[in-house]
*Asks:* 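Have a look at this one.
A quick note: this is a predicted structure, and the numbers were derived from the prediction, not measured. Just so we're on the same page: letters track the sequence lines, and every chain starts at 1.
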Protein chains: 2
Amino acid sequence: MTEFRRDCQTHFVHDDIIRKVRETIPAEEDLYVVADFFKMFGDATRLKILQALAISEMCVCDLSELLHISQSAMSHQLKTLRQVNLVKFRKEGKVVFYSLKDEHVNQIIETGIQHVTERE
Amino acid sequence: MTEFRRDCQTHFVHDDIIRKVRETIPAEEDLYVVADFFKMFGDATRLKILQALAISEMCVCDLSELLHISQSAMSHQLKTLRQVNLVKFRKEGKVVFYSLKDEHVNQIIETGIQHVTERE
DNA sequence: TTAATATATGAACATATGCTCATATATAGG
DNA sequence: CCTATATATGAGCATATGTTCATATATTAA
């Protein structure tokens, strides 16, 4: 039928299952945005940044000191975190303080840690 | 001090904050594992796979039919999902049925969708 | 055994990602 | 204005990632 896939032949595609799933699955349009959101948690450096900010607001310099990465790399990471609305900032003179903009962060990371430690 | 970063000079590094965060932040060793776990949610294709499996167990062929991707690509993706313990499978003749191995999946994806839809 | 089918897997390849390096911008002080 | 400092940003680069293509493996049937 489809040009993509349609050769589970003898077995015959489980149309009932596919239909059910198609009806239930959420809108595809936003999935790329959701994926981009989760990408933020898919990097150890950003995970540490988020964990740090969950404890206290911090300036860029302190963050790079804390994680032992360059100021430039830190600024780049903070930029990507800003783009997905995970962090906000305030300026105090030359210093820029970042903090979490989303209360879900801790919950999400905790679930991830839980998953990883649960299993063998 | 450190060779990495130590030039927030006039401002002077907020040692108290850094110390507090260092004490509170979770073990770094597992962070890469946690990051790899979240990487799974950072791809739209895998998100869809996980959402589908959250509704019903499905065989490889049905999954590739559903998501319009090749059988090979699907097998590769399922392999990575297996490696982080997100899915399990059972064989029934030639057909392999995959299903979720972790109850957190729905909760995590829901939180992500919530974050994305919450903001402007 | 041979043929057919469902799935798995390795290699190659194009794109995405995260860092560095150099430099730009912003703010404060002299 | 000039200098110093904190942060931001663009370009380049090396590595990671996701797909395709070809082929291997497993299972069933004839």
Side-chain angles (χ1 to χ4, degrees), chain A residues 3-14 31-32 35-49 57-84 87-99, chain B residues 3-14 31-32 35-49 57-84 87-99:
Chain A
E3 72 213 84
F4 290 93
R5 291 267 82 207
R6 203 72 200 191
D7 35 41
C8 323
Q9 294 172 346
T10 57
H11 182 68
F12 150 114
V13 174
H14 306 83
L31 266 185
Y32 292 93
D36 283 342
F37 169 73
F38 281 119
K39 257 176 208 153
M40 296 301 109
F41 299 86
D43 175 80
T45 299
R46 281 191 300 265
L47 267 186
K48 287 188 228 167
I49 295 174
E57 92 173 343
M58 291 183 78
C59 70
V60 179
C61 183
D62 283 354
L63 277 170
S64 45
E65 158 80 13
L66 175 70
L67 304 191
H68 300 307
I69 72 174
S70 73
Q71 174 269 316
S72 175
M74 180 57 69
S75 273
H76 279 297
Q77 290 290 21
L78 290 170
K79 183 181 187 180
T80 69
L81 289 172
R82 262 184 286 141
Q83 287 171 334
V84 297
V87 300
K88 60 178 186 290
F89 63 94
R90 69 180 177 85
K91 300 184 77 167
E92 193 171 288
K94 284 171 296 193
V95 184
V96 179
F97 287 94
Y98 280 82
S99 57
Chain B
E3 70 213 86
F4 290 93
R5 287 269 84 204
R6 203 70 200 193
D7 34 40
C8 323
Q9 294 172 347
T10 57
H11 183 68
F12 150 114
V13 174
H14 307 81
L31 266 185
Y32 292 93
D36 283 342
F37 170 72
F38 282 119
K39 257 176 208 152
M40 296 302 107
F41 299 85
D43 175 81
T45 301
R46 282 191 301 264
L47 266 186
K48 288 187 227 167
I49 295 174
E57 92 172 344
M58 292 183 78
C59 70
V60 179
C61 183
D62 284 354
L63 277 170
S64 44
E65 158 79 13
L66 175 71
L67 303 190
H68 300 307
I69 72 174
S70 72
Q71 173 269 316
S72 176
M74 180 56 69
S75 273
H76 280 296
Q77 291 290 21
L78 290 170
K79 183 181 186 178
T80 70
L81 289 172
R82 262 185 285 139
Q83 287 171 334
V84 297
V87 301
K88 59 180 186 288
F89 63 94
R90 70 182 177 82
K91 300 182 80 168
E92 193 172 288
K94 284 171 295 193
V95 183
V96 179
F97 288 93
Y98 280 83
S99 56

*Asks:* Nearest to the side chain of B/Ala73, heavy atoms from C-beta on, is which of D/dT20, D/dG10, C/dT9?
*Replies:*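 The closest nucleotide is D/dT20.
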
*Asks:* Working to the nearest 0.5 Å, report the span between CD of B/Glu65 and CD of B/Gln71.
*Replies:*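 With rounding to 0.5 Å, CD (B/Glu65) is 13.5 Å from CD (B/Gln71).
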
*Asks:* Would you kindly check whether a donor in the side chain of A/Gln71 faces an acceptor in the base of D/dA6, or vice versa, at under 3.5 angstrom?
*Replies:*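 No such pair is found, so the answer is no.
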
*Asks:* Is the shortest side-chain heavy-atom distance between B/Phe38 and B/Asp36 below 4.5 Å?
*Replies:*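 Counting from C-beta outward, B/Phe38 and B/Asp36 never come under 4.5 Å.
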
*Asks:* In this structure, how many angstroms lie between the P atom of D/dA16 and the NZ atom of A/Lys39, rounded?
*Replies:*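 Result: 17 Å.
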
*Asks:* Rounded to whole Å, how long is the line connecting atom CZ of A/Phe89 with atom C1' of D/dA8?
*Replies:*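 For the pair A/Phe89 CZ and D/dA8 C1', the rounded distance is 10 Å.
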
*Asks:* Any side-chain N or O of A/Gln77 less than 4.0 Å from the OP1 or OP2 oxygen of C/dT17?
*Replies:*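 Checking A/Gln77 against C/dT17: no side-chain N or O falls below 4.0 Å of OP1 or OP2.
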
*Asks:* Checking contacts here: which listed nucleotide (D/dA8, C/dC19, D/dG18) is nearest the side-chain heavy atoms of A/Val96?
*Replies:*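 Nucleotide nearest to A/Val96's side chain: D/dA8.
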
*Asks:* If each of A/Gly93 and A/Thr45 is mapped to the nucleotide of DNA chain C with the nearest heavy atom, which maps nearer the 5' terminus, i.e. the 5' end?
*Replies:*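 Result: A/Thr45.
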
*Asks:* Does C/dG18 have OP1 or OP2 under 4.0 Å away from a side-chain N or O of A/Arg46?
*Replies:*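 The answer is yes; a side-chain N or O of A/Arg46 sits under 4.0 Å from OP1 or OP2.
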
*Asks:* If you check every side-chain atom of A/Lys94, which of C/dT27, D/dA8, C/dG18 has the closest atom?
*Replies:*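 Within the option list, the nearest is C/dT27.
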
*Asks:* So what does B/Thr80 hit on the nucleic acid, given a heavy-atom distance under 4.0 Å: a base, only sugar-phosphate, or nothing?
*Replies:*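 The residue B/Thr80 makes no contact with any strand.
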
*Asks:* Is a donor-acceptor contact shorter than 3.5 angstrom present between the side chain of B/Ser72 and the base of C/dT9?
*Replies:*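 Present.
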
*Asks:* Should B/Lys91 be listed as having a side-chain N or O under 4.0 Å from OP1 or OP2 of C/dT7?
*Replies:*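 No, no such contact exists.
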
*Asks:* Within the pair A/Tyr98 and D/dA8, is there a side-chain N or O less than 4.0 Å away from OP1 or OP2?
*Replies:*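 Yes, because at least one side-chain N or O of A/Tyr98 sits under 4.0 Å from OP1 or OP2 of D/dA8.
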
*Asks:* Can you tell which of C/dT9, D/dT7, C/dA26 lies closest to the side chain of B/Ser75?
*Replies:*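 Of all the options, the side chain of B/Ser75 is nearest to C/dT9.
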
*Asks:* The side chain of A/His76 lies closest to which of these nucleotides: D/dA6, C/dC21, C/dA8?
*Replies:*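 Side chain of A/His76 sits closest to C/dC21.
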
*Asks:* Quick check for you: among C/dC19, D/dG18, D/dT7, whose closest atom lies nearest to any side-chain atom of A/Val60?
*Replies:*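 Comparing C/dC19, D/dG18, D/dT7 against the side chain of A/Val60, the answer is D/dT7.
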
